[in-house]
4 protein chains.
Amino acid sequence: MARQQTRKKVHEAVLSLAHETPAGTITMEGIAARAGVSKQTLYRTWPSTGAILFDALLARSMTEDGTVEVPNSGDLAADLELLATATIAELTDTTHEPMLRAITAQMQSDDGLAAQFRERLLTPQLAGISDRFRRENVPDPYGIAELFVGPIFHRWLLRTHPFDSEWVTAHVARTLRAAAFK
Amino acid sequence: MARQQTRKKVHEAVLSLAHETPAGTITMEGIAARAGVSKQTLYRTWPSTGAILFDALLARSMTEDGTVEVPNSGDLAADLELLATATIAELTDTTHEPMLRAITAQMQSDDGLAAQFRERLLTPQLAGISDRFRRENVPDPYGIAELFVGPIFHRWLLRTHPFDSEWVTAHVARTLRAAAFK
Amino acid sequence: MARQQTRKKVHEAVLSLAHETPAGTITMEGIAARAGVSKQTLYRTWPSTGAILFDALLARSMTEDGTVEVPNSGDLAADLELLATATIAELTDTTHEPMLRAITAQMQSDDGLAAQFRERLLTPQLAGISDRFRRENVPDPYGIAELFVGPIFHRWLLRTHPFDSEWVTAHVARTLRAAAFK
Amino acid sequence: MARQQTRKKVHEAVLSLAHETPAGTITMEGIAARAGVSKQTLYRTWPSTGAILFDALLARSMTEDGTVEVPNSGDLAADLELLATATIAELTDTTHEPMLRAITAQMQSDDGLAAQFRERLLTPQLAGISDRFRRENVPDPYGIAELFVGPIFHRWLLRTHPFDSEWVTAHVARTLRAAAFK
DNA sequence: GATTAACCGAGACGGTACGTCCAGTCTTATG
DNA sequence: CATAAGACTGGACGTACCGTCTCGGTTAATC
């Protein structure tokens, strides 16, 4: 709805705000001021800061159409390790992290945003990963995909422990045991 | 600081609000009004709605000291299934669910609350579960505990799918395979 | 800054409040509520209740530009008696009195308001009166103007005694003697 | 009612606050904190900050029983000049000024305080001055006393102009002319 | 010299108002 | 005609004081 130029200004504004200010501080007024856009222009296109955040996030990974690119080299263990590492890198990227945290927080009280987030990000991600397991003839591929993703998300969102490469390797090994793979 | 009677009024107020209104709608003013307490009384003791929510939650499970009572019947699979079921029951309890979602959301932008939440709830929970695995001579018990808890949390927080007993059974089986148990 | 319609609503509100409630009781919240206007609208234009009061007062006497219309009939004694009577009438007007008292009180701790009050009301008033004396070739017209105004103000503000017409006549006579007139 | 020691602590506190902070900023809580006294102790004895201020002011001039000591040397002009100078000195004393301004301001909305102020300070002051005129056989001594005091008060309270010795001399001359003296 | 009553500090409490921020809607003027 | 600029209502924020109210701990005068 908004002109391409406007969208771009808004996206840039929200991205810049996202890694300047703490997670919950982003406001419609702040974005409007930073983008040099009137509040009305914002509301005409997006219903909430969460929606803008989410839109900006998607626009970022515009090139890669399916958000997640699951590696498929034939070596499942190596591929999972790559995938875990890439996922963690995105979750802890200085720009992405505050946005993802803000969206995850707002999801808890915004059903529309939650639905969008699931459809556009979570479902494709889980589908991609379970496809990779299916290709390897792992039984119960979706369950294993959840087993793979769940602990990463848990560690990240609740900040129980930082990530390191040993943990990633061990996590892949655990997942593969659960998958009864080889 | 606050008198016991006051704490009680506040806890009751926040609990009643928590399952009347959507997650993010709880405000200091709302709690004060509902509790018949002045705002200053709230701020004298708690810095945010999250802190009140958390305090009320802890006060609820005062009797059970370490919040999570990991079953220990000797039958690991049965115990895990019980534990998963109990955990899910708490996460989806009509009173607890909105509070836990609100706290999880506010954690993302309130480091103090996040730290408290980890110390008082998450760490004991993971410790309890990994102890149960350790008792069964499972190698890497903490990793397996995360593997057990992570997917439950992922499903719950992101609402990817509702829980059902088949999923629980399958999840326990996957976890046990990863634990290389039996 | 504020729209004309808004100013009008605020002025009416503050005027109505001024002769309903005691002098020091007027609050920003009260004005906002009475005017059906949000607090922010008030603060966007006026920094304090004193400023609103003062603005409302000026808006009242918009037509008469220099607030005080010193009579000039040629008969100085008669003119002064008229002027004193008119001044006292304004000071004791049921609407004006509480406003003037409130402004005078707030002046004591608000330099900006004090400056405005002097510039817009006091200075023109004293200038007008001393001009009248100057026209009559009274030496030291400003000093005599102060001598005329001071005791009226003293009686009014400190409520030492009520005003009556004998006092006014005597006060004019005293002033004229000091002016060495005739 | 309050113990002498307590009164003293409170008086000192209010005096020290009076020339540290702007006129309207003195609060019961502030006085209590500064005096190291509980709020209840304050309220047990004084109903308002104005009352404390006034009490402290009176306690100050305890030695001189009748607040105003009108000079009586036989030379009326010289005496008036002395009196005016002394009055101005008290009004502009760094400690007294803020207190007197605060009391004058609070008088406008506190009838009890106003009555006390009149009885204890204003009436004796005007009586003393008119007595001095009466001793000199000036007709209408009270009116002349008001004429003497009014402009000083007007200048001081409204801050129209600073005081200087020329003004004082001229003011005394004007007053004496009005008194038809010699 | 012990008792008892007044006085006191400390500070929690229900309130009211403060002055600020932001949400969302609506108006106005410009380009 | 869309848009920036921004005024508007409304509601919550977190703070400051108000005046009231326990609660123990001193004082100081009485018995």
Side-chain angles (χ1 to χ4, degrees), chain A residues 1-3 5-6 9-10 24-33 35-50 52, chain B residues 1-7 9-10 24-33 35-49 51, chain C residues 1-7 9-10 24-33 35-49 51, chain D residues 1-7 9-10 21 24-49:
Chain A
M1 203 173 255
R3 290 208 290 233
Q5 189 188 357
T6 304
K9 283 196 290 181
V10 171
T25 347
I26 293 177
T27 64
M28 290 301 243
E29 293 212 332
I31 297 168
V37 139
S38 90
K39 282 205 291 174
Q40 201 47 236
T41 302
L42 251 40
Y43 281 108
R44 209 175 294 120
T45 308
W46 300 275
S48 66
T49 56
I52 300 180
Chain B
M1 213 174 233
R3 294 209 279 239
Q4 205 47 45
Q5 186 188 359
T6 304
R7 296 184 82 89
K9 283 196 290 181
V10 171
T25 348
I26 293 178
T27 65
M28 289 302 240
E29 296 215 326
I31 297 168
V37 138
S38 86
K39 280 204 290 174
Q40 198 53 42
T41 298
L42 254 37
Y43 282 108
R44 210 178 294 121
T45 307
W46 301 275
S48 65
T49 54
Chain C
M1 216 175 229
R3 295 208 279 239
Q4 205 47 45
Q5 186 188 357
T6 304
R7 296 183 83 88
K9 283 196 290 181
V10 170
T25 348
I26 292 179
T27 65
M28 289 301 240
E29 295 215 327
I31 298 168
V37 138
S38 85
K39 280 204 290 175
Q40 196 53 41
T41 298
L42 255 37
Y43 282 107
R44 208 180 294 120
T45 306
W46 301 276
S48 66
T49 55
Chain D
M1 204 174 252
R3 292 206 286 238
Q4 206 47 44
Q5 187 187 359
T6 303
R7 294 183 82 88
K9 282 195 291 180
V10 171
T21 64
T25 347
I26 292 178
T27 65
M28 290 301 241
E29 295 215 327
I31 297 168
R34 175 66 61 98
V37 138
S38 90
K39 282 204 293 174
Q40 200 48 236
T41 301
L42 253 40
Y43 281 109
R44 209 176 295 122
T45 307
W46 300 276
S48 66
T49 55

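Below, chains carry the letters A, B, ... as their sequence lines are ordered, and counting in each starts from 1. In this text the structure is predicted, and so the values were computed from the model without any measurement.
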- Query: How close or far is atom P of E:dC7 from atom CD of D:Gln4, stated in whole angstroms?
  - Reply: 14 Å
- Task: Measure the distance from CG on C:Leu42 to C1' on E:dG19 and round it to the nearest whole Å.
- Result: 12 Å
- Which atom pair, heavy atoms only, marks the closest approach of D:Ile26 to D:Thr21? CG1-OG1, 4.1 Å
- Message: Using every non-hydrogen atom in the two residues, find where C:Met28 and C:Trp46 come nearest and quote the distance to one decimal.
- Response: CE-O, 3.7 Å
- Item | CG-CD1 distance between A:Leu42 and A:Ile52, expressed to the nearest 0.5 angstrom | 4.0 Å
- Select one nucleotide: of E:dG9, E:dC7, E:dG14, the one nearest the side-chain heavy atoms of D:Arg44. E:dC7
- Is any side-chain nitrogen or oxygen of C:Thr6 closer than 4.0 Å to OP1 or OP2 of F:dC8? yes
- Item | d(CZ, D:Arg34; P, E:dG9) in whole Å | 16 Å
- Task: Please list, chain by chain and in numerical order, all residues satisfying side chain to side chain contact (heavy atoms under 4.5 Å, CB included) with B:Ser38, sequence neighbours excluded.
- Result: B:Gln40, B:Thr41
- Message: As an exercise, state the distance from OG1 of A:Thr6 to NZ of A:Lys9, rounded to the nearest 0.5 Å.
- Response: 5.5 Å
- Task: Give the rounded distance in Å between these two atoms: CD1 of C:Ile31 and C1' of E:dA17.
- Result: 12 Å
- Is B:Lys9 near enough to E:dA12 that one of its side-chain N or O atoms lies under 4.0 angstrom from OP1 or OP2? no
- Calculate the interatomic distance between D:Arg7 atom CZ and E:dC8 atom P; express it in whole Å. 10 Å
- Distance in angstrom units between D:Gln5 CD and F:dA28 C1', rounded: 12 Å
- Note on the structure: In this structure, OG1 of C:Thr45 is separated from CZ of C:Arg3 (nearest 0.5 Å) by 11.0 Å
- Note on the structure: Quick tally for nucleotides 22-31 of chain E: nucleotides whose base has a protein heavy atom under 4.0 Å get B, sugar-phosphate-only ones S, the rest -, giving SBBBBS----
- Note on the structure: Regarding the side chain of B:Thr41, the nearest nucleotide among E:dC13, F:dA4, F:dG10 is E:dC13
